[in-house]
Structures are given as structure tokens and as C-alpha cells.
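Encoded as C-alpha cells, here's the structure I'll be asking about.
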Amino acid sequence: MNSKNLLSSIANISDDTEFYTPMPGGYKPGKTKYVGVFGTVMSGLGKGIFASSLARVLKDKGLTVAPIKLEGYLNLDSGTLNPFRHGEVFVLDDGMECDMDLGTYERMLDQNMSRANFSTSGQIFTAVLEKERRGGYLGRDVQMIPHVTGEVKSKLRQLAVESDADVVFIEIGGTVGDVENAYYIEALRQLAFEEGPNSTCWVALTYILQPPALGEQKSKAAQLGIKQLLEAGVQPHIIACRGIKPVTKKAREKIAMYSSVPYERVFSMHDCESVYVIPEMVREAGLDSAVVDILNLAERLHPEAEKTARQTWDDYLSKFRHAKETVTVGIAGKYTSVRDSYASVIKALEHAGTNCGVRVEIDWIEASGMKADQAVDKLAHLHGLIVPGGFGSRGAEGKIACIHHARTSGLPYLGLCLGFQLAVIEYARNMAGLAGAGSTEFEDNSQHPVIDILPEQKQIEGLGGNMRLGGQDVVLTPGSLAAQLFNGAPEIRLRFRHRYEVDPRYIDQLVDAGMIFSGKAPDYPIMQVLELPVSTHPYFIATQAHSELTSRPLRPDPFFFGLIQAAVDVKSRQNKSPQTV
Ligand code: GLN
């Protein structure tokens with residue numbers, strides 16, 4: 001039976017067939033192809049970066065792509081995960097709180113993701129159990145195979161239907177051999193069988209060790225990792241070898257031989273200067289052509305579109321490579337020891353820097369325990385300051401001290417979410433005569449709770465998925481700094497993740513004291529952007545949103561772009577008259 005027949009013969013469920021594969025309505029077999037990326041040897045290989053780069057190159061060729069990240073953990077989303085352990089929680093426009101890899105996809109593809117692009121084991125099992133309670137399995141015992149794997153396949157095909165993509169990119173979290181990912185791998189094995197030849201392309205990402213004491217590349221760990229994939233019934237079509245140096249012919253030959261993958265399809269994907277160089281590396285190695293061949297996609301390509309897309313990327317890369325001048329931006333945070341917890345802020349700074357023609361050096365400022373009088377010294381060498389998002393009271397006073405210094409010394413400042421709220425507190429205390437102003441997030445009986453819980457949050461119990469989340473429209477005041485940054489746009493869209501806001505009862509006092517609220521929610525008194533007049537401070541702006549989440553290499557976030565421009569000005573003024581700034 002060929003694959004088309006196999007697919008059409010699959011009944012949703014019946015007692016006389018074991019081919020249980022729920023098929024979403026509107027699914028067109030053969031329209032969407034699937035690329036799966038599996039990690040072997042260890043986690044942290046940059047699977048998301050690799051998969052998104054490959055997806056980018058295929059998109060440049062004129063194909064439509066839709067990625068999906070399959071996570072093994074049982075949480076329903078990433079909302080309750082600690083950024084110390086898992087990196088930042090990325091928020092999508094539809095409010096989904098997900099893995100930071102989705103940020104990599106959005107940036108690399110310049111394409112918004114939705115909850116259809118992210119799955120966890122928790123979501124899969126919930127769907128299966130809900131169906132079971134509804135009697136959806138017609139008296140059958142519900143099993144990992146075929147029911148749980150069926151749910152996974154259904155999710156992948158659902159994405160194919162919704163996106164109508166030429167290629168769905170599937171990235172499986174963790175490493176082959178993890179118990180929690182085993183059923184995802186089994187689902188992909190089944191998918192390949194059902195969809196038939198030239199429909200799926202499996203890429204094993206592996207790691208070539210190079211112990212300094214030996215000075216030689218060792219491929220055994222990679223071979224054993226790939227063997228685990230073969231044991232699961234998945235024959236990779238392509239192997240991409242990560243390593244600190246270009247992977248030698250000898251190591252690649254051994255891997256080719258051991259895993260039955262032609263040598264020409266074993267590629268070196270070694271470390272490089274920036275993630276934005278990887279698409280170029282993928283193309284130069286010919287990895288993209290291998291995928292096109294395997295999936296029989298040649299007829300769907302648009303070579304003309306590819307030329308323009310490549311030119312745009314090449315321009316970005318050449319700006320990145322030629323930027324020599326540096327500015328130093330401080331990030332005052334709580335999770336400064338784990339950079340992944342600020343991944344998007346770092347990226348947004350890189351985008352803004354590259355587009356301004358400078359390199360941004362980041363100075364991590366541990367705010368916990370910092371005293372007011374220490375801020376002056378600790379921030380003296382900076383050209384700009386960011387207080388990013390965060391939760392809880394630890395480090396709050398130190399961050400307020402940093403903001404106070406930035407406001408009173410003319411140091412360019414950008415506040416993000418918590419950094420917005422703390423700027424309000426600092427201003428309330430020192431400019432609006434509201435001594436003891438604070439946030440009810442930090443203390444219940446602050447004298448002036450200028451930051452208070454959002455009304456809709458008061459009713460909500462528990463911590464999962466209950467904040468004001470996702471994309472929201474923001475109306476900008478014409479003529480304000482914010483409006484200028486966004487080229488005069490009357491309304492913009494930003495991403496949010498917060499429980500607290502400026503208490504509307506204090507807005508008039510803050511405004512009377514000189515604070516400008518230049519961005520507001522359209523039908524609700526939530527303040528979303530604040531700024532100080534440019535006549536009193538070169539750049540003091542903050543947003544209740546996480547504007548770092550929507551920054552893209554080719555479209556840097558305007559708040560960050562403005563910060564870097566202001567930082568460049570500060571630096572050039574310092575260079576002209578070192579004593580006066
Ligand atoms: N803790 C603050 C709130 O919940 C800020 C949140 C954030 O910075 N993401 O509103």
C-alpha cells in the first residue's frame with residue numbers, strides 16, 4: 001500500500017484497525033513536508049538556532065515555513081518556569097508563555113508565532129485525558145501508542161492545515177534518549193511511515209568532542225548518540241555536527257559510515273561569531289539543497305526572491321561585522337548570573353547596536369543589596385542603563401537607586417515592565433512628594449502604593465497563565481518622544497506580561513510633577529509608556545511592555561534603538577569634554 005492509500009485508509013478510530021491517526025479536517029496529504037531536528041550527545045547544542053536558521057534559508061528560497069517546538073516537560077506552558085533554570089519566558093502575541101526558542105524563531109524568521117507553534121507533554125496529555133473523559137476513545141484502553149502519539153501527529157498536521165506551509169519544522173526539546181521525549185520521536189517515526197517517501201527529512205544534530213589534552217576531534221559520543229536515534233527506528237537523512245572548530249573530514253567520514261548517511265550529507269556546523277551567520281553557513285555547506293532534494297521541493301522555489309532576501313541579510317551581517325565603536329549599557333537585574341534569563345534584551349540590544357553601527361557592550365549590574373550612594377560609582381562608566389522585567393522585591397531598592405542616578409545625571413534610561421514601575425516609584429518619591437511610595441507587589445502597606453495590582457488580577461488565584469499577557473494595542477500621544485521613536489505612528493502593538501500597573505488614582509499627581517504618560521491602553525486607564533521631556537533629560541523612557549520581545553534584526557525595537565542612539569551621543573560628548581558629563 002503506498003502512502004496516499006495508507007493515509008486515506010486510516011479511519012479516525014474503529015475496533016478493527018490499529019491505524020489510529022486522528023486527521024484534522026482540511027488536511028492535504030503531500031502539501032506540507034516535515035523537517036525534524038533531533039539533538040544527540042547533549043542539550044545546549046543550539047538546536048533552536050540551527051533549526052530556525054535552516055528554516056530561514058528555506059523561507060528565503062520562497063517556501064512558507066511553520067516551526068513547532070515540542071517540549072517534554074509536563075507544564076502546560078512556560079509561565080511558571082524559573083528563568084534561572086530555563087531561561088526567559090517568551091510571550092507570544094496570543095498570550096502564550098513559551099520557551100525562549102520561540103523567540104529565536106520569531107527573530108530569525110521575522111514571523112509571529114502562536115500557540116500552535118508550541119507544545120508540551122502537559123498539553124498533549126491533557127488533550128488525551130479530556131478526550132478520554134468525553135468518551136472519545138469508544139471504550140478502548142488509552143495507550144501511549146497509538147493514542148498519545150496520535151495526538152502529537154494530529155498537532156503537527158493541524159499546524160500544517162492552519163499555516164498551509166510548505167515545510168513544518170519540528171524541533172524536539174532535550175536529547176534523544178530522554179524518557180520524556182521518547183513518544184515524540186515515536187510519533188515522528190510513524191509520521192514518516194504514513195506520509196511516505198520525500199515527505200519527511202530528519203536531521204540529527206550532534207556534537208564532536210575535542211578534548212584540549214588530545215587536540216583531536218573525537219566522534220564516538222556522536223556515533224553513540226545517533227545510534228540511539230536508529231534504535232528508535234529513525235534513520236536520519238542529514239547529520240549536522242556541532243563543534244568548536246570545523247569538523248574534520250575524518251570525523252565526518254566515521255559518522256557517515258556508522259550511521260548510513262552519505263558523507264555529503266554530514267555537515268560541519270561549528271561555532272561562529274553570531275547566530276545570524278548560521279544561515280550563511282547552512283547555505284555555503286549546501287545543507288539547504290540537501291533538504292530541498294530529500295523533500296522534492298525544487299519546483300516550489302523562487303530563485304528571484306532568494307536574491308533579495310539574501311541581500312538584506314548580507315547587509316545586516318556586514319553592518320554587524322563592521323561595527324567597531326562600542327557603547328556600554330548597564331543592565332540592572334536580579335538574574336544577572338544567568339544570561340539566558342535576559343536573552344531577548346541582549347538580542348534587542350544587538351539589533352539596535354548593529355542598526356546604529358556600533359557594538360553594545362553589556363555590563364551586568366547586580367542590584368540586590370546596592371545602596372543609594374553606591375549607584376553613582378557603579379554606573380559612572382555607562383552610556384546607557386536598562387532595568388528589565390522582574391518579579392518580587394529583591395533588588396528593587398538597588399534598581400530604584402540606579403534609576404535615580406540615571407534620571408538625575410542625564411544617563412539614557414530604558415525601563416521594561418518592572419523597570420517602568422520602578423521609574424514611577426522613584427519619580428513619585430523624589431519629584432511628586434509621595435515619600436514612601438512603593439508597589440503592593442513588594443509590601444502590603446506602602447504609604448503610597450503607586451503601583452498596584454490590576455483590577456482583573458484581584459479575582460485570580462494561583463500563578464499559572466493568569467497575568468495580563470500577550471500583544472496589546474498602545475495609543476501614543478502625538479508629538480511625544482515615544483511617537484517620534486515609532487515614526488509618528490498613532491497606535492502600536494507591544495507584548496505584555498504583568499500583574500501590576502500604575503494606580504490610576506496617582507496619575508494626576510505624577511503628571512503634575514512632570515512625568516509624561518505618552519502611551520496608554522485604548523479603552524482602559526493603563527499607563528503603558530512614560531517619558532521625561534527631552535528638554536530635561538536626553539533619553540528617559542520606560543514601557544510597561546516587554547518591547548525586547550518584538551525586536552527583530554532587520555526591524556530593531558524603537559525603544560532600544562533610541563537608547564543606543566542616545567548612548568552614542570553621550571559617549572561622543574564625553575570624548576569631547578571628559579570632565580563635564
Ligand atoms: N512584577 C511586575 C508585575 O507583575 C512586573 C512584571 C514584569 O516585569 N514582567 O507587574
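In this chain, residues are counted from 1 in sequence order. In each ligand, atom 1 is the first atom listed, and ligand 1 is the first ligand listed. Keep in mind that what you see is a predicted model, and the values were worked out from it rather than measured.
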Next item on the list: Using distance alone, decide if ligand 1 has a nitrogen or oxygen within less than 3.5 Å of any nitrogen or oxygen in Leu418.
Entry: yes
Note to self: Only heavy atoms of Arg497, strictly under 4.0 Å: list the atoms of ligand 1 that pass.
What the structure shows: 6 (C), 7 (C), 9 (N)
Next item on the list: Distance to 0.1 Å, residue and atom name: give those for the protein heavy atom nearest to atom 7 (C) of ligand 1.
Entry: Cys417 SG, 3.0 Å
Notebook entry, point to check: Considering only heavy atoms from C-beta outward, does the side chain of Pro449 approach that of Tyr506 to under 4.5 Å?
Noted result: yes
Note to self: Heavy atoms only, cut-off 4.0 Å: how does Glu501 contact ligand 1, side chain, backbone, both, or neither?
What the structure shows: neither
Check: When only distance counts, is His546 in polar contact with ligand 1, meaning an N/O pair under 3.5 Å?
Finding: yes
Next item on the list: Starting from atom 8 (O) of ligand 1, locate the nearest protein heavy atom and write down its residue, its atom name and how far away it is, to 0.1 Å.
Entry: Gly390 N, 2.9 Å
Checklist line | Atoms in ligand 1 flagged as close to Gly389, the criterion being non-hydrogen separation under 4.0 Å | finding: 8 (O)
Margin query: Using a strict threshold of under 4.0 Å (side-chain N to carboxylate O), is an ion pair present between Asp373 and Lys371?
Written below: no
Check: Under 3.5 Å, is there a donor-acceptor pair linking the side chains of Asp557 and Ser547?
Finding: yes
Margin query: Taking 4.0 Å as the limit for heavy-atom contacts, which would you say applies to Gln421 with ligand 1: side chain only, backbone only, both, or neither?
Written below: side chain
Checklist line | Centroid-centroid under 6.0 Å between His498 and Tyr500 rings | finding: no
Check: Could an N or O of ligand 1 be found under 3.5 Å from any N or O of Gln544, whether backbone or side chain?
Finding: no
Check: What residue and atom, counting heavy atoms only, is the protein's closest point to atom 1 (N) of ligand 1, and at what distance?
Finding: Glu441 OE1, 2.7 Å
Check: Is it the side chain, the backbone, both or neither of Arg499 that has a heavy atom closer than 4.0 Å to ligand 1?
Finding: both
Margin query: Pair Phe90, Glu88 - check side chain to side chain contact (heavy atoms under 4.5 Å, CB included), show working.
Written below: CA-CA 6 Å; Phe90 197 84; Glu88 76 179 358; 3.6 Å; yes
